[in-house]
Amino acid sequence: MPPKTRRKLNPSSSKKSNVPNNQSQVQPSKFGIQHFFERHSQNALLASQKLNHLSSPPAPPSATPPTNPIPLSSPKSNAASNGVVSVSPNPNLHPSSSPAMEAADEVSPMVSKSTSLKRFNFSPGMLIKQSQDDGGDEVTWKISPVNERLLAVSKHTPVLPDSSKHNSFSIHQCSQTKGINTAAKVDKWLSSPSPKGKADKKPLLQANRIGLKRLNPFQDKEVGDSIADENTCLSSRQTPFCTPPSLPYCPDKLANGVASHPLGLKQHKKALLELLDQVEDVISVEDFVSSESEPYSSKAQEGQSKEIPVTVDSIGNDVLMGTTNKVSGTSSNGYFLVLEVSEKQTFPESGGSQCPYKVLRLVNEKSGEERAVYLWEECVIAPGDTVNVIGEFDEEGKCNVDHENNFLIVHPYILVSGTRVAGSFSCPRRTVLDERLRCNEHSTAALIGILLHQIFQAGLMKESPTVHFLEEYARIVLQKNMESLYACGVNENEIYKTLTEAIPKLVNWIALFKDTQEPQVPTVDFGSDNGAKKVKVLEVIDIEELAWAPKYGLKGMIDVSVRVKVDSGGKEGDEKIMPLEFKTGRMANGQASAEHCAQVILYSLLMSERYLKHIDSGLLYYLQSDQTQGIVVRRSDLVGLIMRRNELAHDILKALTTQQLPPMLQIPSMCKGCRHLDVCTLYHKAFGGNTESSGLGDIFDSHVHHFSNAHGVFLRHWDQLIDLEAKEMQLAKKEIWRSHNLKNENSTGCLSSLVLDELPQQGSHKENRFIYHFVCRYSPTNNLSGSDRNSIRAASSLTKDLDCSLKSGDYVILSTESGRQFVATGIIVELSPDRVSVSFSKGLRLPGGNLSSMREKLLQEVWRIDKDEIMTSFSVMRFNLIQMFLDNEQSSHLRKMIVDLAAPRFDSGCIFSQDPAISYIWSEKSLNDDQRRAILKILTAKDYALILGMPGTGKTSTMVHAVKALLMRGASILLTSYTNSAVDNLLIKLKSQGIDFVRIGRHESVHEEIKGHCFSGMNINSVEEIKLKFDQVKVVAVTCLGITSPLLSGKKFDVCIIDEAGQTTLPVSLGPLMFSSTFVLVGDHYQLPPLIQSTEAREKGMGISLFCRLSEAHSHAIAPLQSQYRMCQSIMELSNALIYGDRLRCGSPEIANAKLKFTKPIACSSWLKIVLNPSKPVIFVNTDMLPALEARDQKTVNNPMEAYIIAEITDGLVNNGIEGKDIGIITPYNSQASFIRHACKASVETHTIDRYQGRDKDCILVSFVRSNENPRSCSASLLADWHRINVALTRPKKKLIMVGSWGTLSKVPMLKLLIDKIDEQSGILSLSNDDFNHQTWALQRCSWSQIR
């Protein structure tokens, strides 16, 4: 979420307090934050000696220096340069690990399909791609002219020496500082411990900052007054998050001490200015004038080119730089695109080190205005990066970011968990792997911690809880988490005993801090600088509070949010809101203590943003040692933690764009116990590492000895494809944050202007979920009780608001429309034309206020729902992929079949009549010969079998009989598919055959008939009952992504059957296959392939399913189903001729000769009579003689005339007695589908081709939409996808009516063959103007324009 637009005085941005030391922090552990800082410093000091001296550029504007400068002492270094180097997006600056990657570096991430954007902003290397759903030329790839210009400029750009770019890491002494106290001790700088390679953009952490006029980013006066005292004692403190203070600014020295490097600079600046002129031209002509009436949405930051890896460990404070445009002083509002980065140096007065700084030239992605930042905190940043500047710009559009003032957030759209940030200091590689992989590990200790959290939170919410109350609640908690207990292999009674032992401490803490009256209120130590304070909990505001702050690029789940009263030194107590973090262990020391403190500090920052008020402290409670610690937030800690967040965001994005992980830790004693040791070593070898570079010796060899070069090629290829697709989703989520800031309401992935219809009644929630119903808010300007015209317009606007890409089962984000505040995440359980129902894990609550007024606030609020582009599926895909390369028997077998493409084996000649399964197959009369052969293929497979289920051939029925045959052999079966609907459709038929099964999945996503087979719908009270149920039931069903369920932990099956395998990506298919020794893939790769959003990933082969890969490698493994029971003869011949090579055949004469039957035929126009003629099963209505050109509205494309014709035909069908439920309308484009819905009077199911996969109707109408004077533009559109055309042609049973332009469509080879085939059947009807009532058409078109 982009930063919310607020007033200049923003209390949530003013956090400048001190986090005190506690005794456990005085002596950090060997692997603590200070240790890693020292290690970095030592390594960097050696590298920094290689830097060259360059001249410095003109000086920045002056500011008043602090009265008490903080002295620094550090080794002298030659790292400072006297010159200026402007960093442009030169791909050579960031080499990839392979030539293939280097080639790909010239292309940046693509624009997300799921967003609706008005224009493109500049971004180096930006790829322009129109929407696949609504655009005309959907598959267009192009490097922007701006990028071409950048590449040309980069060839003449001076390049920093490697050491200056990556290896300098030291704290320099600035000779400008006066009154230096050499005995002063500088706090350690918080930074990433990972050494960077040449391709990594290592931050240059310097202490030579020039302190400009302080600007408190949180706008909090009381905290601001305390900062001066804080800075004077920095040298006497040791906290793990402290960073060195900025040095005083000497304007006279700086003015004379900055020089410009003459060599190459003038030419470079001239070229870059020309480039920026082009950018300004682009911005000026892109409909920006209409920004008030037309919501703006930019794709500028989507151009995160691979050539510009993004890692910024800068936290800063105010920076200033000159620009040509004068602007009034304003606070930062919106994201900025980095256009230029200049590294500069200031001259020291005498001796000592120079003071490096960076000048960032930025463009506001919302307004297009230029800004400048003087960055005195060294960081790594490059042109093309997206940043958020938290602070104010002066009248000249300049801002200073240093240790004392403001913050710079790099890639703010990457929301990094506070827990991830806090835990990333010991090994960034492990943290990035945690982010990229979703493991199936289940720990008893972790589970006990989760259970105690829930019990503690329940006690806090209860008025005066007793031990008995919490013991009873512990049983409820165990019942809710029975599946996790099963996964850990523990007994609920044993865990209950452990929980009850801890409950008395919980009750005592609650009684002490919440229920105690004066003067017995307990004291909490907030550190040496703040001392002990009395703390009383006045109110528990929320538990497990979700806090997202795209302003800071952070997110978190806060254990408990409390309102407390804090008394200090006999003074009157202050009421504060703060986070309470609960730890089930003892008070930690060293690294662990630092991580816990970091969590509380970051949660305080998140709460400041959420509650819009300054929160300067938090509480940390350790259960086992029964100790409570106060954590005070101070500026230096925030600087260090946000720096770590920035570097972690860079590492995550770098892994996503270049597949480069942070370096291995190379400490065997730590690595050998790491949960990621297997995958960490495999990735290292796959991407060119070896035993020596791993630093692990025999440990490394033992984990990768089986891993061949061919395996490495396969892993790298598919890992890149997953990342390309994940990057597309990342861009889509980025648009959520941006659209909230820019108020873009044109995205098809969101619903806006919603109000709550009603609130769930107390106790009405089901399955611990709360379901809220939202409806569209009618605009007050619409006169709903006026004329019919106004009523129609109001109704149609309501329908239009709910006409989007969201669907039932989607994860969504709920936020407020006005304040753009994120409130909760949920799942859509129902979506109808007039309302949307969303299920949440707990009741909705807005920050602030009290419970008594909350109901009214919720009902008055205007809401927005955005699709949450979940990245979890990609972490599952990566996990599935890497699991196939582990050193175990199951993984080895899968590698042999899938990577090495070994031929599958079958039992030949072993079909015995005594086998009950074989006897059943031959005796079952409902099966045809193709189906029998397919089931026999399954029964005889030793490795795998492939079932090619062509349209209408009864593959679901075949699978039901195959399951029955396998059960007769006593086999255990795992049934999976990518979608819940496909799984449930198969289970409904199994249920009708009396076959018992267990369905694993979210209760709200399961079909109503199947919910009784979920454990949530059973009366399961113990782990033993779960085991017993699994022993009794041999069939388990789950979606492909649901295999991470704890219920499947440790399970093995004899056979795994994947339905819709042709539509499932290879990495997703791998997950279920890990659970069985034999697998069956059922699908049709001639219909829709896997849905891939990324064009680059699709072109590189991600659309090739595992079914397709294996069927092309080993055709003998395929058992085709060729007798179809859906289409009549004439319709079947179309797909037979175009796709299936005449292999399809009608299952019976009745199917072949089926025709529409009109129950009440009526008179109609001559052309409509021809179209509706039941004796003509296939009709193509040619619109070339009509004014039926396609219409474009920005990126959407529709055809009003075709919509009108479709509506007329639909009315004719209904008037002749065909029911609406037997009619379906298909079109390739979402916008045309919406148009047709408005045009049709009858209630007819209208969808895109993609949504009609697996469905059928008696009569199908197809609107091709495309009709233009340049038919060649259609060749790259959705109509050129023969998979989609095949789906459209195979949906009807008795009648297929197509409407389109013969002249335009015949330019597409596939469609030309289709039209020729229809012409052979004499099925082409060309309409002319004489066939229509022009007055009716004009009136109809006018009404549609009002709707639009």
Side-chain angles (χ1 to χ4, degrees), residues 11-12 14-15 17-20 22 218 220 222-223 226 418 453 456-465 505-527 529-545 547 556-583 587 596-597 599-623 626-634 637 845 847-851 854:
S12 74
S14 81
K15 200 175 303 197
S17 330
N18 300 347
V19 174
N22 53 62
F218 299 105
D220 188 287
E222 294 181 2
V223 180
S226 67
H453 268 78
F456 181 54
Q457 291 163 349
L460 286 169
M461 299 298 290
K462 176 75 174 177
E463 189 71 27
S464 301
K505 288 184 179 180
L506 299 179
V507 173
N508 291 338
W509 192 96
I510 296 171
L512 185 64
F513 281 87
K514 188 180 176 186
D515 301 330
T516 302
Q517 303 299 321
E518 296 285 354
Q520 287 81 25
V521 175
T523 59
V524 175
D525 184 10
F526 281 83
D529 295 329
N530 296 273
K533 300 180 180 181
K534 290 185 176 182
V535 176
K536 176 177 174 59
V537 177
L538 303 178
E539 178 190 2
V540 177
I541 300 174
D542 204 353
I543 59 173
E544 296 294 336
E545 185 171 20
M557 186 75 75
I558 301 168
D559 284 349
V560 187
S561 303
V562 294
R563 188 188 308 276
V564 300
K565 182 177 181 180
V566 180
D567 295 333
S568 177
K571 299 180 181 179
E572 185 67 23
D574 296 327
E575 289 190 9
K576 296 182 176 182
I577 293 176
M578 62 176 61
L580 168 59
E581 183 68 11
F582 175 57
K583 301 296 180 184
M587 181 174 284
H596 298 165
C597 292
Q599 282 182 282
V600 176
I601 293 170
L602 292 174
Y603 289 159
S604 299
L605 181 64
L606 288 169
M607 290 185 69
S608 294
E609 177 70 6
R610 181 167 174 81
Y611 286 85
L612 304 181
K613 64 192 309 178
H614 174 59
I615 297 175
D616 62 355
S617 55
L619 296 174
L620 187 56
Y621 171 42
Y622 291 94
L623 172 64
D626 202 17
Q627 293 175 286
T628 303
Q629 179 182 355
I631 306 297
V632 176
V633 180
R634 66 176 182 231
D637 295 334
R845 182 189 165 280
N850 51 54
L851 293 178
M854 189 58 61

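Being a predicted model, the structure only gives us computed values, none of them experimental.
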If you round to the nearest 0.5 Å, how far is CG of D637 from CG of L602? 10.0 Å
Flag, side chain of T523 to backbone of K533, donor-acceptor distance under 3.5 Å: no
Tightest non-hydrogen contact, residues V633 and I615, listed as CG2-O, 4.5 Å
Minimum side-chain heavy-atom gap M607-I558 below 4.5 Å: yes
Can you check whether K514's main-chain N or O pairs, donor with acceptor, with K536's side chain at less than 3.5 Å? yes
Could you tell me if the side chain of V564 sits less than 4.5 Å from the side chain of I577, heavy atoms only? no
With a 4.5 Å limit on heavy-atom distance, are the side chains of E575 and L538 in contact? yes
With side chains defined as the heavy atoms from C-beta onward, is the minimum distance between K576 and R563 less than 4.5 Å? no
Heavy-atom closest pair, residues P579 and S617: CD-O, 3.5 Å
Does the side chain of F456 come within less than 4.5 Å of I510's, by heavy atoms? yes
Decide yes or no for M578 and L619: does some side-chain heavy atom of the first lie under 4.5 Å from some side-chain heavy atom of the second? yes
Using a 6.0 Å cut-off, check whether atom NZ of K505 has over 12 heavy atoms from anything other than its own residue. yes
Could you give me the CA-CA distance, side-chain angles and deciding distance for V562 and D542, then say whether side chain to side chain contact (heavy atoms under 4.5 Å, CB included) is met? CA-CA 7 Å; V562 294; D542 204 353; over 6 Å; no
Quick one: does D559's side chain have a donor or acceptor within less than 3.5 Å of a partner on F582's backbone? yes
Is the side chain of E545 donor-acceptor paired with the backbone N or O of V560 at a distance under 3.5 Å, no angle test? no
Closest non-hydrogen atoms of P465 and G459, given as atom of the first, atom of the second and distance, are CG-O, 3.3 Å
Can you give me the closest heavy-atom contact between I631 and L620, atom names plus distance? CG1-CB, 4.4 Å
Please walk me through it: do Q629 and D525 pass side chain to side chain contact (heavy atoms under 4.5 Å, CB included)? CA-CA 6 Å; Q629 179 182 355; D525 184 10; over 6 Å; no
Would you call L623 and W509 a side-chain contact if the rule is heavy atoms closer than 4.5 Å? no
Between F526 and G618, the two heavy atoms sitting closest are CE2-O, 4.1 Å
CA sep, side-chain torsions, deciding dist, call: S561, Y611, side chain to side chain contact (heavy atoms under 4.5 Å, CB included): CA-CA 11 Å; S561 303; Y611 286 85; 4.1 Å; yes
Of all heavy-atom pairs linking Q599 and G418, the shortest is CG-O, 4.4 Å
Taking atom types as modelled and ignoring hydrogens, do the side chains of Q627 and K583 form a donor-acceptor contact shorter than 3.5 angstrom? no
Specify whether H596 and Y622 have parallel, tilted or perpendicular ring planes, treating 30° as the upper limit for parallel and 60° as the lower limit for perpendicular. tilted
How far does CD1 of I543 sit from CD of Q457, to the nearest 0.5 angstrom? 4.5 Å
Between Y621 and D626: side-chain donor-acceptor atoms closer than 3.5 Å: yes
